[in-house]
Amino acid sequence: MYWADELAAAVSGRQVVNDSKSPSGTVHVGSLRGVVLHDAIYRALRQAGVEASFLYGVDDMDAMDSQAKLTPDAVDRYMGAPLSRVPAPEGSNAANYARHFVGEIFFRTFEPLGIKPEFYWVSELYAAGRMDPYVKLALDRADQVRAIYLRVSHVERNSSWLPIQVICEQCGKIGTTLATDWDGDTVAYKCLPAMVAWARGCEHEGRVSPLGGRAKLPWNLEWAAKWGLLGVTIEGCGKDLATSGGSRDRSDAISREVFEVEPPRNVAYEFLNVGGKKMSTSKGKGAAAHTIAEVLPPEQLRFLFLRPRPSQVIEFDPEGDTIPRLFDEFDRIAAATAGREVKGELPADHERLFAYSLLGPSPDVAAAAAAFRPAFAHLAMLLQIPGVDIAERMEAEKGAPLSERETAILDERTASARAWLESYAPERARLVVRRDALPAEVADLDAGQRAYLAALAAAAADGRPSSGDAWQTLIFGVAGECELAAGRAFGALYASFLGRPNGPRAGWLLASLEPAFVVERLRAAGAFAAA
RNA sequence: GGGCCGGUAGCUCAAUGGUAGAGCAGCAGACUCUUAAUCUGCUUGUUGCGGGUUCGAGCCCCGCCCGGCUCACCA
């Protein structure tokens, strides 16, 4: 059974699926795995007839800790401030930094993927006082919290440490304050210059009530508090958090022992690596989510994440054959789902995998599976030949007019293929007509091929073929006269014009070039034979 | 040191207890109109190593070896 269906079959009663994201970090493709995974779980629950909701929280009470995202004059003032209180970058009309960053950059990728969770903002939960019961419990039971840190993670906290982060009343920063004394109504705090390396506190001291949005819980407690407050029953997390003795274990223990709520079912998921290494935005080129999304249409992006089980690493190197092969594999699963015979082994419940890769809560799986899809690499090649009518060619390959759905798929793939050719496509996928000089590969042609090129030059000068069809006829005709096998004739043409052993349908290629250049090049390549 | 994942054909990977198989690469062949297409044929395996469970193990259990990521500060 497909893994998401297995999960759906294992639960009972109403389910709340939750996922969350801090808007401070950079968003790369790997970040999308969790979103897609939670969406698939949500859909699996609904299809299994389970009442379910899908929440997505933005952790915008977290401290701003990335200088790169701020203008230099804003660094002093806003580093360490809650993201919900940092102004949006210039030019944005978002209410604050968190809303700008997540709203403009991250969520923009949700909609196209057909993912529509109910969004909520953690700063609003605090401001509305909804987190207050958990804040009080955490402070009342601070000794218990410290004991859990020590037992679960071997992290020793000072006996005066409190699980609360106060927003400094003077400078507005949350990352620089240290709270010490909880009297049941207020905590004492100091805003320290050297609390963290990346932000400077203002040295203000005071007492303040931690309720109503004036303070936040530390990460592990906040996570557990959200579970309790929102009644979360299923929430997966990346393996960095899921590791034994790690963040998830701490939050689970806090949820059970401090807040007395059973934590949600976990689905630990692996990362997406590029070239065997963890995805890094500084190293990997074009690893940002929106960059990959230009090359991979939503359905293929979902497919990439949904094909392996969550516990498996995804090795994704956008260079090389990875992307064409992803399309090919998607097409194979589509064909199998449509009931056509395919080669090779199929994953367990491939038709479920296919359905979850489609967009929307209840896609027409049969219609989508049966649709005609042009092979990606083939399409990419056709796009590089001037004068080719792609739609016409596709109808010819399908053998019937394209449906509306198929035209949409074609348009989508055309855009992807263009983006791929500009970004990740290997050299061998790129066609360049060698206009400047005769390619070196011509030297490898044999006498028969050279004679053929010379003969074709003469025939072309004479017959002046103009259309792709006319050229194609001539190419075959002259090959017959020269008693040269068609494959060798084409090979000679590709070597002469592209410096490659193969290429696109030659007649169309030659028809797209100026006749004088073509004849001249054929003569030159043929003459090279005599030399 | 702890956790997770992986090790299967030359390469990339599939196969969730039931005959190990796809793509690419390679070799041989077909084709006068898709030459990165299509079709036909060929072939390659100590499934990392050792034990165990089972009628049956690539898959489950135990112990190793190798590789990758991750955690032990913060979120």
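All values derive from a computational prediction rather than experimental measurement. Below, chains carry the letters A, B, ... as their sequence lines are ordered, and counting in each starts from 1.
- Both A/Trp219 and A/Phe490 lie close to RNA chain B; mapped to their nearest nucleotides by heavy-atom distance, the more 5′-ward contact belongs to A/Phe490.
- In this structure, A/Lys239 is not positioned above the aromatic face of A/Tyr269 in the sense of NZ or CZ being under 6.0 Å from the six-membered ring centre and within 45° of the axis.
- For the pair A/Leu510 CG and B/U35 C1', the interatomic distance rounds to 13 Å; values are reported in whole Å.
- Across B/G1 and B/A57, the matching C1' atoms stand 33 Å from one another, rounded to whole Å.
- For the C1' atom pair drawn from B/C66 and B/C27, the interatomic distance equals 34 Å after rounding to whole Å.
- Among the atoms of the strands shown, only primed sugar atoms or phosphate atoms (P, OP1, OP2) are found under 4.0 Å from some heavy atom of A/Val155.
- Contacts between residues 371-379 of chain A and RNA chain B, defined by a heavy-atom separation below 4.0 Å, involve A/His378, listed by number.
- Between A/Phe490 and A/Tyr494, the angle of the ring planes stays under 30°, which puts this pair in the parallel group of the 30/60° scheme.
- One can find a donor-acceptor pair under 3.5 Å joining the base of B/C33 and the side-chain atoms of A/Thr473.
- In this structure, A/Asp240 atom CG and B/A75 atom P are separated by 14 Å, rounded to whole Å.
- The nearest whole Å value for the distance from the CZ atom in A/Arg309 to the P atom in B/G6 is 10 Å.
- The residues A/Glu329 and A/Arg332 are annotated as salt-bridged, a charged nitrogen and a carboxylate oxygen being separated by less than 4.0 angstrom.
- Take A/Val313 and apply the side chain to side chain contact (heavy atoms under 4.5 Å, CB included) test, not counting sequence neighbours, and it matches A/Glu270, A/Asn273, A/Glu315.
- If you check every strand for non-hydrogen atoms under 4.0 Å, A/Arg325 touches a base.
- Nucleotides B/U53 and B/C62 have their C1' atoms positioned 11 Å apart, rounded to a whole Å.
- A/Leu178 places its CG atom 13 Å from the P atom of B/C74, with the value rounded to the nearest Å.
- Contacts of A/Ser247 with the nucleic acid, taken as non-hydrogen atoms under 4.0 Å apart, include base atoms.
- Protein atom CD of A/Glu345 is 13 Å distant from nucleotide atom C1' of B/G18, rounded to whole Å.
- Taking atom P on both B/G23 and B/G18, the two are 23 Å apart, rounded to the nearest angstrom.
- To the nearest whole angstrom, the two P atoms, one in B/C64 and one in B/G17, are 26 Å apart.
- A cation-pi contact, defined as under 6.0 Å to the ring centre and within 45° of the axis, is absent between A/Arg302 and A/Tyr356.
- The main-chain N or O of A/Asn96 is never found under 3.5 Å from a side-chain atom of A/His100 such that the two would form a donor-acceptor pair.
- Judged by distance alone with a 3.5 Å cut-off, no donor-acceptor contact links the side chain of A/Lys239 to the base of B/C71.
- Summarising the geometry, the separation between CD1 on A/Ile475 and C1' on B/U35 is reported as 11 Å, rounded to the nearest angstrom.
- Using a distance-only test at 3.5 Å, with no hydrogens or angles considered, a donor-acceptor pair links the side chain of A/Ser153 to the main chain of A/Gly245.
- Here the separation of B/G63 from B/U44, taken at their C1' atoms, is 32 Å to the nearest Å.
- Heavy atoms of A/Thr243 sit under 4.0 angstrom from at least one base atom.
- Using a 4.0 Å heavy-atom cutoff across all strands shown, A/Gln312 reaches sugar-phosphate atoms only and no base atom.
- Remark: the separation of the P atoms in B/G67 and B/G51 is 24 Å, to the nearest Å.
- Place A/Arg393 and A/Arg157 on RNA chain B by their nearest nucleotides, and A/Arg393 ends up nearer the 5' end.
- Partners of A/Asp252 under the salt bridge (Lys or Arg N to Asp or Glu O under 4.0 Å) rule, at least two apart in sequence or in another chain, are A/Arg248.
- Residues passing the side chain to side chain contact (heavy atoms under 4.5 Å, CB included) test with A/Arg85, sequence neighbours excluded: A/Pro82, A/Ile167.
- Distance from the side chain of A/Phe476 is smallest to B/U35 among B/U35, B/A72, B/G68.
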**Study point:** Watson-Crick or G-U pairs under 3.5 Å in RNA chain B, rendered as dot-bracket with [ ] for crossing pairs and | for another strand
**Key:** (((((((..((((....[..)))).(((((.......))))).....(((((..]....))))))))))))....
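- Between the C1' atom of B/G3 and the OH atom of A/Tyr269 lies a distance of 17 Å, rounded to the nearest Å.
- For A/Gln472 and B/U32, the shortest distance from a side-chain N or O to OP1 or OP2 is not below 4.0 Å.
- For B/C74, the OP1/OP2 oxygens have no side-chain nitrogen or oxygen of A/Gln165 closer than 4.0 Å.
- Side-chain atoms of A/Arg413 never come within 3.5 Å of backbone atoms of A/Phe376 as a donor-acceptor pair (strictly under, hydrogens ignored).
- We find that A/Lys21 and A/Asp59 are not joined by a salt bridge, their nearest charged nitrogen and carboxylate oxygen being 4.0 Å or further apart.
- For the C1' atom pair drawn from B/U43 and B/C24, the interatomic distance equals 15 Å after rounding to whole Å.
- Taking 4.0 angstrom as the limit, A/Lys343 places a side-chain polar atom (N or O) nearer than this to OP1 or OP2 of B/G23.
- Counting only heavy atoms from C-beta on, A/Pro218 has its side chain closest to B/A75 among B/C4, B/A75, B/U35.
- Contacts of A/Arg146 classified as side chain to side chain contact (heavy atoms under 4.5 Å, CB included), with partners at least two apart in sequence or in another chain: A/Ala142, A/Asp143, A/Arg157, A/Trp161.
- Taking atom CG on A/Leu241 and atom C1' on B/C69, their separation rounds to 14 Å, with Å as the unit.
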